[in-house]
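Below, read A as the first sequence line, B as the second, and so on, with proteins coming before strands; counting in each chain starts at 1. The figures that follow rest on heavy atoms only: side chains count, while hydrogens, waters and symmetry mates do not.
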2 protein chains.
Amino acid sequence: MKQKRSTNSREVILDAAEAVVQGRGALGLTLDAVAARAGVSKGGLLYHFPSKDALLEAMVARIARMARQHFTEELAKEPEGRGRHAHVFLRMLLGGKGSFFPLLQRMATPLFVAIAGNPELLAPMRAAYGELHQAMIQDGLPPERAWLILSALDGIKFWRILQFMEPSGLELKRLRILLERLIDGEEVV
Amino acid sequence: MKQKRSTNSREVILDAAEAVVQGRGALGLTLDAVAARAGVSKGGLLYHFPSKDALLEAMVARIARMARQHFTEELAKEPEGRGRHAHVFLRMLLGGKGSFFPLLQRMATPLFVAIAGNPELLAPMRAAYGELHQAMIQDGLPPERAWLILSALDGIKFWRILQFMEPSGLELKRLRILLERLIDGEEVV
DNA sequence: GTCTATATCAAGATAGAC
DNA sequence: GTCTATCTTGATATAGAC
């Protein structure tokens, strides 16, 4: 909201930065590459983002904002009741027609670059996660189950980001059912 | 086993590389820094590892080997029975006196650097994980539970690596009990 | 087997024109 | 607000002496 006219250029540059990072990997995210992709000169880029760190920060911030908005929208569709937040989060990551996966892939590598360069850029995300855990507990979920849901879904998220493991569709479906039982069930043997 | 005498120098350099990466972060892992820390010249370093990529590969390989050895040793202590591999893996990551955490921290950042630069370096780890999942299933664990255990423990592992979230000791203890029930229990409500 | 010296290159950043 | 030109730095890598 700080900018008025220049917002457009900023968005164009951020789009370009995401495209670069997705195409060339974390190490390929250079000011030169971003400027070329955005169709501006390096000087022009540095007018909008005075340093690479500033660019990274803006990338993380924009992605975090989008993820939050997506979550809020999904939450509005979810009926009241125990495990509400957990169900939404579960659907976002394992849901069939979940439109979240493209967003996830967009956020992946920038986050890694951010981590490598300046871990403090993660602070906003950390805060959001803390809030989510709290909300899950206030939904009526026992804390350790909330941690289990969060950690399992984050594990799968990281696997995808790193292209490390990818359970089959059937296995994911069964895992989802298991997690849903953990959210809704009263007792675990 | 390829080297005889020079093994020692290689180990010294790898130790130095780990120290550098731990002290200065992923971006601080430079040949200059490693050489200085190891007490050799850059030329000397490049004699043993002809490129930075070669150095990274050796770092990942050594860490993977250590983790594997640790797991094997722990497995030997574990009594036969259902969920054997799962219990060992659980203890490695959440166990009280688990000596695995220092090892985990040692492997964290190098892995990230490797991922950023050349994701293919992860291949050996991917293979090891696939084997672990198979072993868990052959232990008698339903596949979706095996995935749940693996993903949850990996999620927590990543949280730690990224210093993203850290549940309290009590919460971890309860989570561990919950996971143990999932390993041993017959049914989940 | 290890060192010094140096080549090469690309990146982030600045200054000032337009 | 954007561009060109340039500076500075630091990184990978090579060649050849010891």
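- Between the NE2 atom of A:H48 and the C1' atom of D:dT2 there is a distance of 8 Å, rounded to whole Å.
- Axis angle across the helix from C:dG1-D:dC18 to C:dC18-D:dG1, with five pairs used at each end and values rounded to 10°: 10°.
- Distance, A:N8 CG to D:dG1 C1': 13 Å, rounded to whole Å.
- Separating the CG atom of B:L56 from the C1' atom of D:dA11 is a distance of 14 Å, rounded to the nearest angstrom.
- Between the P atom of D:dT12 and the CZ atom of B:F49 lies a distance of 15 Å, rounded to the nearest Å.
- No donor-acceptor pair under 3.5 Å is formed between the side chain of A:R176 and the backbone N or O of A:L90.
- Atom CZ in A:R10 sits about 12 Å away from atom P in D:dT2, given to the nearest Å.
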- Using a 4.0 Å cut-off on protein heavy atoms (strictly under), produce a 5'-to-3' string for nucleotides 12-18 of chain C with B for base contact, S for backbone-only sugar-phosphate contact, and - for none. BBB----
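- Shown here are the salt bridge (charged side-chain N to carboxylate O under 4.0 Å, His left out) partners of A:E78, two or more places apart in sequence or in another chain: A:R91.
- Partners of A:K52 according to the salt bridge (charged side-chain N to carboxylate O under 4.0 Å, His left out) rule, which considers only residues two or more places apart in sequence or in another chain, do not exist here.
- Within the structure, ring-ring contact (aromatic ring centres under 6.0 Å, His included) contacts touching residues 121-145 of chain B (residues at least two apart or in different chains) are A:F164-B:Y129, B:H133-B:W147.
- Contact of the A:L14 side chain with the A:F49 side chain is registered, since non-hydrogen atoms from C-beta on lie closer than 4.5 Å.
- Between B:D154 and A:W159, the closest side-chain pair of non-hydrogen atoms falls below 4.5 Å.
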Acceptor/donor pairs from residues 54-66 of chain A side chains to any protein atom, 3.5 angstrom cut, sequence neighbours excluded:
{"unit_1": "A:R62", "atom_1": "NH1", "unit_2": "A:E11", "atom_2": "OE1", "d": "2.8"}
{"unit_1": "A:R62", "atom_1": "NH1", "unit_2": "A:D15", "atom_2": "OD1", "d": "3.1"}
{"unit_1": "A:R62", "atom_1": "NH2", "unit_2": "A:D15", "atom_2": "OD1", "d": "2.9"}
{"unit_1": "A:R62", "atom_1": "NH2", "unit_2": "A:E18", "atom_2": "OE2", "d": "3.3"}

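- The phosphate of C:dT2 (OP1 or OP2) has no side-chain N or O of B:Y47 nearer than 4.0 angstrom.
- Distance alone, capped at 3.5 Å, is enough to place a donor-acceptor pair between the A:R145 side chain and the A:L182 backbone.
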